[in-house]
Amino acid sequence: MADEETQNNSPLLTEDRHAEPSSENPTQQASNLAETRPELSLEEKFQLIRSVGEECIQEGELRTLLEKKKDPVCYDGFEPSGRMHIAQGVMKTLNVNKLTDSGCIVKLWIADWFAQLNNKMGGDLKKIQTVGRYMIEIWKAVGMKLDRVQFLWSSEEINARAHEYWPLVMEVARHNKLPRILRCCQIMGRSEQDELTAAQIFYPCMQCADIFFLKADICQLGMDQRKVNMLAREFCDDTKRKFKPIILSHHMLSGLQQGQEKMSKSDPTSAIFMEDEEAEVNLKIKKAFCPPKIVEGNPCLEYIKYISFPWFGKFEVLRNEKNGGNKSYSTMEDLVTDYEAEALHPADVKPALSKSLNRILQPVRDHFKNNAEAKELLKKVKAYRVTR
C-alpha cells in the first residue's frame with residue numbers, strides 16, 4: 001500500500017500518537033499550490049484529475065462520476081515505513097492538491113496495521129505510528145492543502161468498525177484463488193518468489209477491502225499498486241456490484257542511480273529525503289546518473305518533469321554567457337529538445353535541479369528545525385532501522 005463521512009476530521013484520537021499535527025504555522029510555499037482556485041467546469045475538473053494519473057481505468061467512468069457526484073471520494077494509502085522521500089512528499093502533495101482543487105475529498109489511509117503485517121520497522125507498531133505522525137508533519141509543512149483531506153489510521157478505523165471491515169475481507173478472500181492473491185505481492189514490495197508469511201498473503205485481501213470500506217470512488221495510488229486495484233474491479237464483477245472504483249495510477253519516480261526503477265528508503269543514495277539538508281541534496285544530485293543527450297532513463301530529467309515543472313511552472317538554468325547564458329524553460333518539450341541537441345548539458349541541469357529541489361524542501365527543513373514536536377519525531381525516525 002504501499003489511500004466517516006465527516007469532512008477533514010481524523011478519527012477521535014486519545015493517545016499521543018493520534019494527536020493532530022502541531023499547530024505552529026510553517027513557512028508556506030510561494031507557489032501556485034497556495035492559490036485559491038475558482039469554481040472549475042466539469043471538463044476542467046476532469047482534466048485536472050486525469051493529469052494525476054499515468055493511467056486511468058476508465059476515463060468514461062471518471063467523466064460520469066464527476067457529472068453525478070459533487071464530492072467524489074479518493075483513497076490513497078501508505079505504509080509508515082521510514083523517512084519520506086521526495087516522491088512521497090512532493091509528488092503526493094501535488095496530486096492531492098489537484099484532487100482537492102477539483103472538488104474531491106481525499107482519504108489518506110495511514111496503513112499502520114499493514115506496515116506491521118509487512119514487517120516494517122521490525123513489526124513494532126509504536127514505531128510505525130511515530131513514523132505516521134512524522135509523515136503528516138511533512139505534508140503539512142510542504143504545502144498540502146488539508147481542508148478536504150482526512151487522515152485515517154487503519155488500526156483505529158478497523159477496530160471501530162470491525163463489523164463492517166472483516167466481512168468485506170472474508171468476502172474478497174472467498175472470491176479469489178491463492179495464485180491471484182500472490183500476483184498482488186508487488187503492492188508490498190515483494191514478489192511471488194519471496195518466502196511470504198501468512199500475514200503477507202492476507203494483506204492483499206485487506207487492501208482490496210479497504211477500497212469498499214472507505215467508500216472510495218477513485219483509487220489514487222502508484223503504478224505498483226495496480227494489481228490489487230484491478231482485483232477490486234474484478235471483485236465488483238464477481239459480486240455484481242454496480243459501481244467499480246476508478247483506478248488513477250500515478251507515475252513511479254525512479255532512483256537517482258542508473259537502472260533504479262524507484263527510490264528506496266533502504267538505499268539513501270537512491271533518494272532525496274524530505275528533510276535532507278541543502279548540501280546533501282546538492283551531493284546526491286551531483287552524483288546522480290545523468291548521461292549527456294540521453295533522456296530515457298535519466299533520473300535528473302525525470303525529476304524536472306515530475307517535480308520542478310509541476311511545482312514552479314518553469315525550470316530556470318543559470319550559467320555563464322560563454323556556456324550559453326541563463327535560460328528559462330516553460331515546457332519540458334523545449335528542455336528535452338535542447339538536451340538532446342547538447343545545447344543543455346548535465347553540468348547545466350544538475351545545479352539548476354538542486355536549486356529547484358532545495359527551494360521546495362526549505363520550508364520542511366525550517367519546520368523540523370523550529371517546531372519542537374516535529375524535531376522530536378524526526379530524531380526518533382532517523383534512529384529507527386529500516387526493515388524490509
Side-chain angles (χ1 to χ4, degrees), residues 29-33 44 46-56 59 85-95 97-98 142 220 222-224 226 248-264 269-272 276 281-361:
Q29 295 287 351
S31 74
N32 56 8
L33 294 178
E44 287 172 330
F46 172 82
Q47 293 298 338
L48 192 57
I49 294 173
R50 180 63 185 88
S51 71
V52 168
E54 194 165 75
E55 178 185 66
C56 178
E59 289 188 354
H85 52 59
I86 202 166
Q88 195 170 27
V90 176
M91 286 183 64
K92 190 181 294 292
T93 295
L94 286 163
N95 290 340
N97 287 353
K98 286 180 179 180
V142 79
Q220 202 294 284
M223 287 294 292
D224 61 337
R226 185 182 189 278
L248 198 62
S249 304
H250 65 251
H251 177 77
M252 300 294 294
L253 204 64
S254 66
L256 291 170
Q257 305 305 314
Q258 184 175 7
Q260 292 180 327
E261 291 186 359
K262 65 177 185 177
M263 292 183 172
S264 170
T269 66
S270 75
I272 302 293
D276 274 348
V281 173
N282 293 343
L283 182 60
K284 287 180 180 182
I285 295 299
K286 183 178 180 180
K287 292 183 175 181
F289 182 63
C290 189
K293 299 177 63 176
I294 305 299
V295 175
E296 189 71 25
N298 187 324
C300 290
L301 296 194
E302 189 180 3
Y303 286 29
I304 294 169
K305 178 179 179 179
Y306 288 99
I307 296 179
S308 298
F309 264 116
W311 196 272
F312 296 109
K314 61 182 178 179
F315 186 73
E316 296 183 332
V317 175
L318 304 180
R319 57 190 175 183
N320 295 329
E321 287 297 329
K322 65 178 182 180
N323 294 326
N326 298 343
K327 186 161 185 178
S328 180
Y329 292 94
S330 58
T331 69
M332 188 65 193
E333 290 75 16
D334 289 344
L335 187 147
V336 166
T337 298
D338 275 5
Y339 195 79
E340 290 179 328
E342 291 192 281
L344 185 66
H345 297 265
D348 304 324
V349 166
K350 288 187 173 185
L353 176 58
S354 295
K355 183 176 181 180
S356 171
L357 298 180
N358 279 315
R359 283 184 62 194
I360 296 171
L361 298 182

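Values reported hereafter were calculated over all heavy atoms of this structure, with side chains retained and with hydrogens, waters and symmetry mates removed.
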### Task
Would you please test Asn358 and Asn282 for side chain to side chain contact (heavy atoms under 4.5 Å, CB included) and show each step?
CA-CA 8 Å; Asn358 279 315; Asn282 293 343; 3.1 Å; yes
Minimal non-hydrogen separation, [X] against [Y], with atom names:
| X | Y | result |
| --- | --- | --- |
| Phe46 | Glu59 | CE1-O, 3.7 Å |
| Cys300 | Ala288 | SG-CB, 3.8 Å |
| Lys284 | Ala271 | NZ-O, 2.9 Å |
| Met252 | Gly222 | SD-CA, 3.8 Å |
| Cys56 | Arg50 | CB-NE, 3.4 Å |
| Lys350 | Cys290 | CE-CB, 3.5 Å |

### Residues, nucleotides or ligands: over 12 heavy atoms within 6.0 Å of Glu261 CD
no
### Query
Within a reach of under 6.0 Å around NZ of Lys305, are more than 12 heavy atoms found that belong to other residues, nucleotides or ligands?
no
Can you find a pair of side-chain heavy atoms, one from [X] and one from [Y], that are under 4.5 Å apart?
| X | Y | result |
| --- | --- | --- |
| Leu344 | Arg319 | yes |
| Ile307 | Leu253 | yes |
| Ile272 | Leu361 | yes |
| Leu256 | Ile285 | yes |
| Tyr329 | Ile304 | no |
| Pro351 | Leu318 | no |

### Message
Does this structure show an ion pair linking Asp348 with Lys327, if we count only N-O contacts that are shorter than 4.0 Å?
### Response
no
In Å and rounded to the nearest 0.5 Å, what is the [atom1] to [atom2] distance from [X] to [Y]?
| X | Y | atom1 | atom2 | answer |
| --- | --- | --- | --- | --- |
| Arg226 | Met223 | CZ | CE | 6.0 Å |
| Ser356 | Trp311 | OG | CH2 | 10.0 Å |
| Asn95 | Gln220 | CG | CD | 5.0 Å |
| Ile49 | Leu248 | CD1 | CG | 8.0 Å |
| Glu54 | Ser249 | CD | OG | 8.5 Å |
| His345 | Asn323 | NE2 | CG | 8.0 Å |

#### Entry: Residues that Ser51 engages under side-chain hydrogen bond (donor to acceptor under 3.5 Å, both in side chains), provided they are two or more places apart
Lys98
### Query
Taking Val295 as the fixed residue, which of Leu301, Leu335, Thr337 is the one that meets the side-chain contact (heavy atoms from CB on, under 4.5 Å) rule?
Leu301
### Message
Parallel, tilted or perpendicular: which one describes the rings of Phe315 and Phe309, with boundaries at 30° and 60°?
### Response
tilted
### Message
What verdict does the side chain to side chain contact (heavy atoms under 4.5 Å, CB included) test give for Phe312 and Arg359, after you've listed the backbone C-alpha separation in whole Å, the side-chain angles of each residue and the deciding distance to 0.1 Å?
### Response
CA-CA 10 Å; Phe312 296 109; Arg359 283 184 62 194; 3.5 Å; yes
